[in-house]
Each structure stands twice: as structure tokens, then as C-alpha cells.
Amino acid sequence: MRQKTFLHHAALLATALTAPVVVAQSYGPDYFTQFQASTAMDMVARLPGFVFDAGNASRGVAGNVLINGKRPASKTDPLGEVLGRVPLAAVEHIDVINGGAGGVDMQGYPTVADILLKQMDLATATLSASSYLTADGIHQPSLDGNYSLTHGDQRINVTLARSRSPDMSQGQGRRTTQYASAAPAAEVTIVGAGIAENKMIKLNYSQDLLDGQLSWNATVNPWTYQSQAQYDAGTRSLGSNDNAGRTLEQGWGYTRELAHGASLDLKALHRTSELSAESTFAAGGSPSYSVANSSANEQVLAGQLSWRALDGVTLRGGVERTVNTNDNSNTYQANANAAVAPTGSAWVQESRLEGQLSSAWQVDSSLSAEAGLKIEHSSLRIGADQPEARAYVYPKPRLRLSLSPTSSLLLRLRMEREVSQLNFGDAAGYFGIADKTLRADLPDLVPAKTWLCEGAVEYRFWERGSAVLSYTQSRISDLVDRMPIRTPNASYDAAGNIGDASAGNITGLLTLPTDNWSLPQGLLKLSMTRRSSSVTDPTTLETRALSGEQPLAWRIEFSQDLPRQRTAWGMSLDNGWSNDSWQLAEHDTSNGTGWARAFVNYRPAANLMVTLELNNLAGRVVTNDRTHYAGDRLAGAVDFVEHNVTRTQPFAMLRVRRDW
């Protein structure tokens, strides 16, 4: 009997180890009733073994969730908010896709979720009211309303929102400056506060047209930000900021299935933004003023043709044209009676044309591959009356392999060349806002290029458990950082290409269901990333890490759904941040202690949700250390050391959501 039992278990184990991986797993709305989900975002957050990534829409980086096989075209609409406006009643099912099954464009992600919406008439509405509650008793109310209508082939979505939120990075602090000379240390007490207000109107519309689907989205977003800081060092001084801006966006999309397994995807986007920032500083009754104005616009035209040439083989080709323009100016007034002096202006335009050709091959149920090549042509103009700067052509090949020897094990390999996007502020400063002669002899600023190789192992267990270990090695050329500019009379620094660099990071993710630990419907998530890098400092010629790199980051999260109590709760904790940056005559170190958060959701009725969040429970402490050198860091003579400490206060957020 024992021998038969052993053989039975051995047979089950062998079957599990040799079972093919499920390249696409579907989850219907019924699966999510145990989690009290009410939106598509709630559903995505509870997909087994899936980690949501919102991407970065403003930089053209897509997230890992699709809606009806497509990614949203908007750049001002975060993916999480888009999913939060899709009610559960509108979702037919969600497919979790591994390795590009069905010809899905994975956009570099090993796994994506595709939300398929129901083809039925449906009208839904949502109203959310929330307020920040701070320790000093200040309330900041917000209101958000959404209406969605599906009628035949037409879909309409309207969102109106108004929010006010305190700047939680402000608080009470102290700045201590220790001079290298015999001068006594200077102590300054700082008390700061800020408030941001946003208004938003969003419209989305789609309908069938010419055997395809046409979609349109528009966003209007005016906003303001005001802050004030008081400095007390024996005599009191006051600084304030009054900023206002507006973003407008329109996006068009058209998709159509063509003959013989081909499909067409067209996109167009136009976005403009304006910003006005006024700063005032008053010390001893003598105020000074500065004003910065900027405007930017972006135009994108893109088209892609996909063709399922053979069973399991998909070919893609496309082209994208992007033009980004940024115009800014600055003025300064020493006091109320002084003349307004312009301190500089810059007009920068980047033009990019990118063509791509790729092929995805689903070899069998356990092996998939993707190979492709993008070629980017880019140029930069500095000054509206200046000709285009030198144009550059960058090839960007990529290769991705995914292997699943068993249903629970997934191996991934990615090799790719990436080209960064230039920061307009760097380009304007580099080519000279106020002194073009100073920078005239320097070579053109070009984007950084990175060759990277990434390997990952993913193991899935139980129903919702997973463990992922990945390692990425990068080789960077033309790294953009601060570089020295030395003249016979003075030394300066500006953004520039400082040479080659290398970077590596190892990341571990562990998701543990706690059903076997007397915590049913609980989920524990642990993540940690270790980073290391190396670059030659352009000032000292010594080896150091990349500016802004955080050597270690970890996060612990726990959440539990309690359907009988109509409640869900959770908590999270991270280790904050720590990074360094270098300039010609300065070394800065920034640190922030960990952030602790807890929440509870209570559903008194099926269409009503009450949420209470407690944030920054430990009171984050932010420190900024500034070491300033006499001359530059190469000489090594420290001029002064400045130590800034700010403690931010805990705050709560109460939200009530009603669905119809």
C-alpha cells in the first residue's frame, strides 16, 4: 500500500513538472467576488501572480494592462486612474498573457493583462468624495465624478474632478551650516507648508467606423500650487511660491482588422502645457522677486501594421513621428524699486522619427521569442531662428526569449539597446540660457545609450503565490550628468555627456498567500532591489556611483479581504530613499526615512465603499547634506557643510465612493 501511495504521488509530481505552461489564463467577474472588487483596477490588483506596472505615459512608456487589446493613447491619464473608472459590471473577463500569446505586443513586459469589455448596453456612474486630515486639523476636500455609457458600438466616458492636497514634503526643520573658517556655525529654523489644487475634465469617446474602431480623448487640467516657508535665524525672513499652469490634450486612435490576419493601428496626439511660477523672498523688509514662464507642446503621429503570417508567428512594422517644443523665460527683480532684469530664455525643440520592424514567434506552449529593430532619427534645435543641430541615427535592436519548462516555472532573457530622452532643462542650460559664448566650444549634447541584458526566473506556487528573481546588467555610453566647464577666469558646470558607465541591479519579489497561516484571503508581498554602478567623475577623475542612484530599496505589504465582514484592510512599509549627486564644487546627499501606511475599506452596501487611509505613520524625516568646496572638488578644499533636517507629519485620508 505504501509503495502504491508513493508511486501515485510520484506520478502526480511528474505530471505537474512536465505540464505545459498556460500562456493565457482567463478570469471572469465571478472570480473577484471573493475580493469585493468594484473596478477593473481592483480586479487587476488581485490577479494571481501579476504585478501591476503603470508605466510612464508622459515619457511614452506603456503599462502592462490593455483594454480590449489596446493601450490608452492619453499621456495625461495615468493607467491606474483609467482602470479605476471601469466598473466591474462592464468587464467580460481578464486574460493574463505570458510571452506574447495570440500575437499580443508585450512592449517589453513578460506578462500583460488584457481587460475585455462586455458588448452590451450599459450605463454606470460613480461619485467619490474625499478629504485629507492633517495633525493640525486642516481639511482638504476633493470631489470626483465619472459617468460611462455603452450603447451599441458607442462608448462615452466623462470625468469631472476637483482636488486639494497638502504638500506633505513640507514641515518643520532646521538647517545647520558649519564653515571651514573660524566662523561660528549658523542655525536656521524652517517652517514650511504648501497646498496644491487640481481641476480636471476628461472626455473619452469611441465608435465603429469603416469596419474599424475610432476613439477620441480630451483632457483639460488647470492647476495651482502655493507654498510658504519661514526662516528664523535671529532675524525672520519669508519665502513664498505661487505657481499656476494648465495642460490640454487631444488624442485620436483608429484600429481595424484587415484581410489575411493583418491589423492596422493609427494614433495621433497633441498636448500643450503652460506654467507660470512666481517666487518672493523677503529678508529685513526688502523683498526680491523672480518669475519663470514656460510653455511646451508635443505632437505625435504613429502607425503600426501587424500580420499573423503563420500559426504562432506575428510580424509588426510601424513608424512614429514626435516633435517636442519647450519655450521658457526667466526674470528677476532685486526689490520693489529695482528694474526687472531678464536672466535668460531658451527655446528648445526635439524632433524624433522612429521606424520599427519586429517578429514574435510562439514556438510552442513553452517557448516564445521576439526579435526586432527600431531605428531612431533625432535632432535638436536651440532657438527658433537657429537651424537644426546635428542629426543622429540610433539603431535599437532587441531580443526577448521566454521559456516555461513546467506550468509553474518561467525563465526570461532580454537583450536590448535603449536610447534615453533628453531633458529640456539640461539642453537649455547646456547650450546657454544667459551666456552662449561660454558653452559655444562644447560638443552637442546627445542622449545616453544603454546596452542591457536581463535574466529572470519566476516560480508560481499555490494559487496566488509567486517568486521572481531577476538580474540586469547595463553598459551606458554618453551618460548625461553635470560636467565641468573651466575658463581662464572662472569655472562652471552644466549638463553634458561625461562618458561611459556600467550599472547592475538584482531584484527579488515574493508573493505569499496566508490562507494556511490562519489569515484567509491574506496576501504578503516582499520586494527588494540592490543596485550598483560605476562611472568616472568628470571633475575628480575618480570612480563613483551614478547620480541619484538608490543602492537598496525594499518594501513589505500585507492585505486581507474579509467578505463576511464586508471589509478589506492592509498595511505597507518601505525603507525610504538615499542617494547622492555631484556637481563641480558640490556633493549632495539626500535621505528619507521609511514610509508606513495602513488602510481599511468598509462596504456598508454593495454600491457604497468607505476608505480610511493612515499615511506617514512614523513621521518621515528628510535630510539633505550639502558639502561645498572652495574652487572645485578636484582641489578638495571644503568651504562649508550644510545639514538640513525636516520632519513631515502623519496624515489621514477619508474617502466615500458611491456607484450607480
Side-chain angles (χ1 to χ4, degrees), residues 51 53-56 58-64 106-111 352 354 356 358 369-376 378 392-403 410-423 426-427 445-458 468-483 495-509 527-538 540-555 575 577-582 590:
V51 179
D53 189 333
N56 187 341
S58 64
R59 302 295 286 179
V61 180
N64 62 350
M106 305 296 285
Q107 292 282 325
Y109 292 103
T111 303
R352 286 183 289 114
E354 183 177 83
Q356 66 155 324
S358 65
E370 181 184 359
L373 175 65
K374 294 182 178 180
I375 298 179
E376 174 185 319
S378 66
Y392 296 91
V393 176
Y394 303 112
K396 298 186 287 187
R398 70 179 184 272
L399 174 65
R400 302 185 182 110
L401 300 174
S402 178
L403 174 65
L410 178 64
L411 309 176
R412 303 193 303 267
L413 176 65
R414 177 168 70 109
M415 293 178 287
E416 190 166 0
R417 190 190 194 212
E418 297 179 343
V419 178
S420 68
Q421 292 188 20
L422 288 176
N423 181 289
D426 288 346
L445 180 67
V446 298
K449 278 76 67 178
T450 302
W451 282 101
L452 64 84
C453 181
E454 179 185 53
V457 179
E458 180 175 351
V468 181
L469 183 65
S470 65
Y471 176 74
T472 304
Q473 181 65 43
S474 303
R475 300 292 179 181
I476 309 169
S477 60
D478 297 320
L479 179 71
V480 178
D481 204 335
R482 306 301 294 186
M483 64 178 293
N497 301 112
I498 67 171
D500 298 338
S502 63
N505 66 72
I506 184 168
T507 298
L509 303 172
S527 63
M528 185 181 73
T529 300
R530 183 74 180 180
R531 302 179 181 90
S532 62
S533 62
S534 175
V535 66
T536 300
D537 189 284
T540 64
L541 302 183
E542 296 179 350
T543 300
R544 62 165 172 83
L546 300 182
S547 293
E549 179 183 75
Q550 182 172 350
L552 177 66
W554 56 261
R555 182 178 178 86
N575 69 325
W577 77 83
S578 177
N579 59 61
D580 293 84
S581 61
W582 292 265
S590 176

Find out whether [X] and [Y] are in side-chain contact, i.e. whether some heavy atom of one side chain is under 4.5 Å from a heavy atom of the other.
{"X": "L452", "Y": "R414", "result": "yes"}
{"X": "S402", "Y": "L410", "result": "yes"}
{"X": "M415", "Y": "R398", "result": "no"}
{"X": "N497", "Y": "L445", "result": "yes"}

Inset, instruction - Determine, for E354 against K396, whether the closest basic-nitrogen to carboxylate-oxygen distance falls under 4.0 angstrom. - result: yes
Inset, instruction - For the pair E416 and R400, find out whether any cationic side-chain nitrogen is under 4.0 Å from an anionic carboxylate oxygen. - result: yes
Rounded distance [0.5 Å steps], [atom1] in [X] versus [atom2] in [Y]:
{"X": "E458", "Y": "L411", "atom1": "CD", "atom2": "CG", "value": "10.0 Å"}
{"X": "Y394", "Y": "I375", "atom1": "OH", "atom2": "CD1", "value": "14.0 Å"}
{"X": "E542", "Y": "T536", "atom1": "CD", "atom2": "OG1", "value": "10.0 Å"}
{"X": "Y392", "Y": "E376", "atom1": "OH", "atom2": "CD", "value": "12.5 Å"}
{"X": "S470", "Y": "E454", "atom1": "OG", "atom2": "CD", "value": "5.5 Å"}
{"X": "L552", "Y": "W554", "atom1": "CG", "atom2": "CH2", "value": "9.0 Å"}

Over all heavy atoms of both residues, which pair between [X] and [Y] is shortest? Give the atoms and the distance, please.
{"X": "D537", "Y": "T540", "answer": "OD1-N, 3.1 Å"}
{"X": "A553", "Y": "N575", "answer": "CA-OD1, 3.5 Å"}
{"X": "S378", "Y": "R352", "answer": "CB-CG, 3.7 Å"}
{"X": "L546", "Y": "L479", "answer": "CD2-CD2, 3.5 Å"}
{"X": "A495", "Y": "M483", "answer": "C-CG, 4.4 Å"}

Expected output: side-chain [X] to main-chain [Y] donor-acceptor under 3.5 Å:
{"X": "R417", "Y": "P395", "result": "yes"}
{"X": "N505", "Y": "R530", "result": "no"}
{"X": "N579", "Y": "Q550", "result": "no"}
{"X": "Q473", "Y": "A503", "result": "yes"}

What pairs with [X] under side chain to side chain contact (heavy atoms under 4.5 Å, CB included), at least two apart in sequence or on another chain?
{"X": "V51", "value": "none"}
{"X": "D481", "value": "I498, R544, S547"}
{"X": "S534", "value": "S502, T543"}
{"X": "D500", "value": "S477"}

Legend entry - Check against side chain to side chain contact (heavy atoms under 4.5 Å, CB included), L403 and L413: CA-CA 9 Å; L403 174 65; L413 176 65; over 6 Å; no
Contacts of type side chain to side chain donor-acceptor pair (under 3.5 Å), residue [X], not counting sequence neighbours:
{"X": "K449", "answer": "D478"}
{"X": "S590", "answer": "W577, N624"}
{"X": "S533", "answer": "E549"}
{"X": "T507", "answer": "T529"}

Inset, instruction - Could you tell me which residues satisfy salt bridge (Lys or Arg N to Asp or Glu O under 4.0 Å) with R531, sequence neighbours excluded, listed by chain and number? - result: none
Inset, instruction - Under the salt bridge (Lys or Arg N to Asp or Glu O under 4.0 Å) rule, collect the residues that match up with R555, sequence neighbours excluded. - result: E557, D574
